[in-house]
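Working notes, beginning with the structure itself.
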Amino acid sequence: GAVVSQHPSRVICKSGTSVKIECRSLDFQATTMFWYRQFPKQSLMLMATSNEGSKATYEQGVEKDKFLINHASLTLSTLTVTSAHPEDSSFYICSAKTGVTYEQYFGPGTRLTVT
Amino acid sequence: GQQLNQSPQSMFIQEGEDVSMNCTSSSIFNTWLWYKQDPGEGPVLLIALYKAGELTSNGRLTAQFGITRKDSFLNISASIPSDVGIYFCAGDSGTYKYIFGTGTRLKVLA
């Protein structure tokens, strides 16, 4: 149980284009999903929290117009990196939780490379 | 953003040895989670702690919620090569938003 998937696992895009990353909870309903960013050999930094059916809450310093988050259903959240630049290259990981637990379950991550 | 301090940053141990690592914070937390992350993968939940003083085991892993609520400890007994990876603690103060530790890199020598 508590399986979270992400798609794609790897993506390479050109500077200036947009890329969408999907996060799905496969065997539970995720009332809340989180998006993290991780640089090489560093810890996870929370970017935003999304609750199903409402606007995402972004952490300080994260541009909401650049990192668009949609949580349209209890099993799917998407992160769209708009007008990507090389400095957006990173490992993006989502996590999900139900409303009754404090435990978060992570997806396998998406490696984004912007050329 | 805020991070929790984990110690040690990295460690090399011999297979079969026990491992101890800890996580400290300047803030009080209500929940502690411990994760293991393999290279290129997402973190996998190992143990969840919900009460000060709580001691919880998962196989060879044992974690404790510090009595001050500002720290947590993870022990691995009789380490094996597949224990290699990065171990992260994560603390929550009741907001459901976790702050992650700086990580402890474990390398096991066969």
Query raised in the report: Linking I/L/V/M/F/W/Y whenever their side-chain heavy atoms sit closer than 4.5 Å, directly or via other members, would A:V114 and A:V19 fall into one cluster?
Result: yes
**Report entry** Sidechain-backbone polar pair: A:T17 side chain, A:K14 backbone, donor-acceptor under 3.5 Å
**Finding:** yes
Query raised in the report: Looking only at atom types and distance, does a side-chain atom of A:S43 sit under 3.5 Å from a main-chain N or O of B:G101, one as donor and one as acceptor?
Result: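 Yes.
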Determine the minimum heavy-atom distance between [X] and [Y], stating which atoms define it.
X	Y	value
B:S79	B:V108	OG-CG1, 4.2 Å
B:S93	B:I28	CB-O, 3.8 Å
A:Q42	B:F88	O-CZ, 4.0 Å

Query raised in the report: Which residues from residues 66-95 of chain A are near chain B, with near meaning under 4.5 Å between non-hydrogen atoms?
Result: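 If one takes a 4.5 Å heavy-atom cut-off, the residues of residues 66-95 of chain A near chain B are A:F91, A:I93.
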Report summary line: Greatest number of non-hydrogen atom pairs under 4.5 angstrom with chain B, of A:Q6, A:E59, A:Q60, A:Q104, falls to A:Q104
**Report entry** Ring centers of B:F100, A:Y36 separated by less than 6.0 Å
**Finding:**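 Yes, the ring of B:F100 comes within the 6.0 Å limit of the ring of A:Y36, centre to centre.
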Query raised in the report: Do any pairs count as a disulfide (SG to SG under 2.5 Å) and have a residue in residues 54-85 of chain B, sequence neighbours left out, and if so which ones?
Result: none
Given heavy-atom pairs under 4.5 angstrom as the criterion, report whether the side chain, backbone, both or neither of [X] touches chain B.
X	answer
A:K97	side chain
A:L44	both
A:Q38	side chain
A:T101	both

Query raised in the report: With A:Y102, which of B:Y96, B:F29, B:Y98 fulfils ring pair (Phe, Tyr, Trp, His ring centres under 6.0 Å)?
Result: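 The residue from B:Y96, B:F29, B:Y98 that satisfies ring pair (Phe, Tyr, Trp, His ring centres under 6.0 Å) with A:Y102 turns out to be B:Y96.
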**Report entry** Test side-chain contact (heavy atoms from CB on, under 4.5 Å) applied to A:W35 and A:I21, A:L46, A:V62, the passing residue
**Finding:** A:I21
N/O donor-acceptor pairs under 3.5 Å from side chains in residues 7-22 of chain B, not counting sequence neighbours:
unit_1 : atom_1 : unit_2 : atom_2 : d
B:E17  : OE1    : B:Q14  : N      : 3.3
B:D18  : OD1    : B:A78  : N      : 2.8
B:S20  : OG     : B:N75  : OD1    : 2.6

**Report entry** Distance-only donor-acceptor check, side chains B:D71 and B:T24, under 3.5 Å
**Finding:** no
Query raised in the report: Listed by residue number, which members of residues 32-62 of chain B have a heavy atom under 4.5 Å from any heavy atom of chain A?
Result: B:L33, B:Y35, B:Q37, B:G40, B:E41, B:G42, B:P43, B:L45, B:A48, B:Y50
Query raised in the report: Side chain, backbone, both or neither: which part of B:T102 has an atom under 4.5 Å from a heavy atom of chain A?
Result: backbone
